[in-house]
Q: 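Sharing a structure, written as structure tokens. Questions coming.
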Amino acid sequence: MRAWTLGLALAASLGWLGPRAVAAQEPVAGKPWYESVTVNGFVEASYTWNLDHPDSDLDVLRVFDYDDSEIKLDVAELVVQRPAVKRGDLGFRIDATAGQSVPAVTAASGLFRDPDSGEAQDYDLHQVFVSWIAPLGEGLRIDAGKFITPFGMEVIEGHDGYNDNQTRSLLFGYSIPFTHTGLRFTYPLGAKVTATAMVVQGWDNWQDNNGSKSVIVQVAATPTPRWTLYLNAMGGPEQRDNSREQRYLYNAVGIFKPSDRLTFGLDLVLGDEEHLGAGGGRARWSGVAGYAKWAFDSSWSLALRGEVFDDPDGARTGTSQKLHEVTLTPEWKVTPHLVLRADLRRDRSDEEVFQHRAEPASAQTTVTFAALLLY
């Protein structure tokens with residue numbers, strides 16, 4: 001088990017501080033527990049216009065912005081939580097969402113997605129878990145429930161974190177999972193390194209689709225205040241009613257802030273799965289995405305993303321192809337609670353998987369406008 005072997009080695013040395021990690025508010029000593037419960041919200045609405053005017057009215061190979069020329073309430077999120085921040089603490093978190101785009105894509109099989117038909121609802125629980133920090137050493141954090149995946153540079157947006165680009169990358173949509181259900185163990189290995197191991201149902205499964213579990217480890221290190229590194233590995237069977245064929249996923253994310261205004265990011269993904277390739281061989285996929293963001297001031301910024309995703313066996317996109325994508329995103333923070341932004345994006349494939357009016361095409365260009373509310 002290559003991923004498991006790598007996972008044990010990583011877990012022995014580093015851990016979890018993923019891009020989804022946020023600072024928790026410490027409960028006030030001496031006050032009732034319910035006074036430390038926080039309630040926050042997030043709302044996103046968007047409009048995407050495909051300059052190639054596809055007759056299908058669909059933006060191909062997009063994650064959430066798949067409907068062309070339609071104003072959509074992508075997601076409305078309510079987060080209720082009591083953080084566990086010190087030894088002995090008990091806590092919980094619930095992320096309840098509804099909307100026209102996000103819940104129907106990220107819903108886990110067996111919760112708000114029918115495991116047989118694959119049909120999802122317009123509402124979801126992105127996360128629902130309980131936490132306990134066991135009084136062992138520096139404090140072993142144990143979470144049980146459903147979590148956002150630690151893989152990748154980009155996140156499912158919410159009140160405590162959103163991406164620099166409005167549209168999601170190909171890597172986010174096709175190379176990694178969205179969520180996991182199971183147990184997560186996190187332990188700090190010093191001030192700059194932590195370690196996490198997870199035992200989960202698999203990829204985007206509330207109910208396991210076979211008789212075996214999957215194992216995840218993440219390595220996180222912050223060698224300096226301007227450098228952050230995440231290493232992830234996962235292994236286990238993911239095919240329905242099949243506990244033999246293994247899927248492996250490896251991921252590295254690096255973030256570098258040379259100044260307070262400039263940020264660079266790099267996301268690398270490598271995956272493979274048994275008996276899904278040509279002639280029943282191993283299917284492989286890989287990708288790399290680079291990010292840069294320049295903040296002109298506290299209100300205005302400009303973000304750039306470029307990526308390549310290679311799916312030679314069609315295991316992830318349904319077509320044997322290599323994809324390229326470039327996105328430019330200007331952003332205006334009108335207030336701390338209101339963000340307006342737009343994406344100019346160009347997708348290209350070495351196959352004609354897109355559509356120009358009624359004809360197959362090898363590229364598509366879109367413009368997306370969005371408003372984000374955080375409270």
Side-chain angles (χ1 to χ4, degrees), residues 1-11 61 63 103-121 124-129 144-152 156 170-185 196-218 232-251 269-287 309-321 323:
M1 297 286 191
R2 293 174 296 160
W4 292 33
T5 302
L6 175 60
L8 292 173
L10 295 180
L61 293 175
V63 184
V105 174
T106 61
S109 178
L111 184 57
F112 295 110
R113 183 183 302 279
D114 187 281
D116 295 319
S117 68
E119 182 179 356
Q121 307 299 322
D124 189 22
L125 292 175
H126 281 174
Q127 299 192 105
V128 52
F129 60 86
K146 182 188 179 193
F147 329 100
I148 300 292
T149 187
F151 285 84
I156 302 174
L170 296 163
L171 269 62
F172 173 89
Y174 292 94
S175 71
I176 63 173
F178 296 123
T179 62
H180 308 285
T181 299
L183 293 173
R184 179 171 65 191
F185 304 90
T196 287
M198 300 172 64
V199 180
V200 299
Q201 305 282 47
W203 287 46
D204 308 319
N205 288 323
W206 175 261
Q207 297 175 342
D208 207 342
N209 61 359
N210 54 51
S212 298
K213 305 305 177 186
S214 297
V215 173
I216 302 172
V217 293
Q218 187 187 63
N232 305 290
M234 179 177 182
E238 302 299 338
Q239 298 178 29
R240 186 172 181 175
D241 299 325
N242 184 339
S243 299
R244 301 179 305 278
E245 318 302 346
Q246 303 291 310
R247 182 184 299 174
Y248 301 103
L249 185 66
Y250 309 95
N251 174 230
V269 176
L270 177 63
D272 65 70
E273 187 164 4
E274 296 173 347
H275 294 168
L276 287 186
R282 183 179 297 276
R284 294 179 171 82
W285 61 93
S286 61
F309 181 55
D310 191 14
D311 187 19
D313 300 288
R316 304 304 301 165
T317 63
T319 301
S320 175
Q321 62 182 316
L323 291 151

Q: How close do S175 and L249 get, heavy atom to heavy atom, and via which atoms?
A: O-CD1, 3.4 Å

Q: Do side-chain atoms of D124 reach the backbone of A104 as a donor and acceptor pair under 3.5 angstrom?
A: no

Q: Without swapping roles, check the side chain of S214 against the backbone of Q201 for a donor-acceptor pair under 3.5 Å.
A: no

Q: Would you say I216 and P150 make side-chain contact, with heavy atoms under 4.5 Å?
A: yes

Q: Between N210 (side chain only) and S243 (backbone N and O only), is there a donor and an acceptor less than 3.5 Å apart?
A: no

Q: So which atom in A144 and which in L183 form the shortest heavy-atom distance, rounded to 0.1 Å?
A: CB-CD2, 3.6 Å

Q: CZ/R247 to CD/E274 distance, rounded to the nearest 0.5 angstrom?
A: 11.5 Å

Q: Looking only at non-hydrogen atoms, find the nearest pair between A283 and A315 and report the distance.
A: CB-CB, 3.8 Å

Q: Considering all heavy atoms of both residues, which atom of R244 and which atom of N242 are nearest to each other, and what is their separation?
A: N-OD1, 2.9 Å

Q: When rounded to the nearest 0.5 angstrom, what is the spacing between NZ in K146 and OG1 in T181?
A: 6.0 Å

Q: Can you check side-chain contact (heavy atoms from CB on, under 4.5 Å) on D116 and R240, steps first, answer last?
A: CA-CA 10 Å; D116 295 319; R240 186 172 181 175; 2.5 Å; yes

Q: Quick check on ring pair (Phe, Tyr, Trp, His ring centres under 6.0 Å): which of W203, F172, F151 does F178 satisfy it with?
A: F172

Q: Side chains of Q321 and D311: do they bring a donor and an acceptor to under 3.5 Å?
A: no

Q: Sequence neighbours excluded, which residues qualify as ring-ring contact (aromatic ring centres under 6.0 Å, His included) partners of F185?
A: none

Q: Is it true that E273 and Q239 share a donor-acceptor pair across their side chains at a distance under 3.5 Å?
A: yes

Q: To the nearest 0.5 angstrom, please state how far the CG atom of N205 sits from the OG1 atom of T179.
A: 8.0 Å

Q: With a 3.5 Å distance limit and no angle check, can you tell me whether R316 reaches the backbone of D310 through a side-chain donor-acceptor pair?
A: no

Q: Apply side-chain contact (heavy atoms from CB on, under 4.5 Å) to L171 and I176, showing your working.
A: CA-CA 7 Å; L171 269 62; I176 63 173; 6.0 Å; no

Q: For L170 and L61, work out which heavy atoms get closest and say how close.
A: CD2-O, 3.8 Å

Q: Any sub-3.5 Å donor-acceptor pair from Q127's side-chain atoms to I148's backbone N or O?
A: yes

Q: Could R284 and D313 be called an ion pair, given the rule that one side-chain N must be under 4.0 Å from one carboxylate O?
A: no

Q: Between L323 and Y174, is there a side-chain heavy-atom distance shorter than 4.5 Å?
A: no

Q: Tell me whether R282 is salt-bridged to D272, with the criterion being a basic N under 4.0 Å from an acidic carboxylate O.
A: yes

Q: Apply side-chain contact (heavy atoms from CB on, under 4.5 Å) to V200 and M234, showing your working.
A: CA-CA 10 Å; V200 299; M234 179 177 182; 4.3 Å; yes

Q: Can you list the residues that meet the side-chain contact (heavy atoms from CB on, under 4.5 Å) rule with D241, with sequence neighbours excluded?
A: none

Q: Over all heavy atoms of both residues, which pair between G235 and Y248 is shortest? Give the atoms and the distance, please.
A: CA-CD2, 3.9 Å

Q: Sequence neighbours left out, what passes ring-ring contact (aromatic ring centres under 6.0 Å, His included) with F147? Give chain and number order.
A: F129

Q: Just do the side-chain contact (heavy atoms from CB on, under 4.5 Å) check on V128 and W206 with the steps written out, would you?
A: CA-CA 11 Å; V128 52; W206 175 261; 4.1 Å; yes

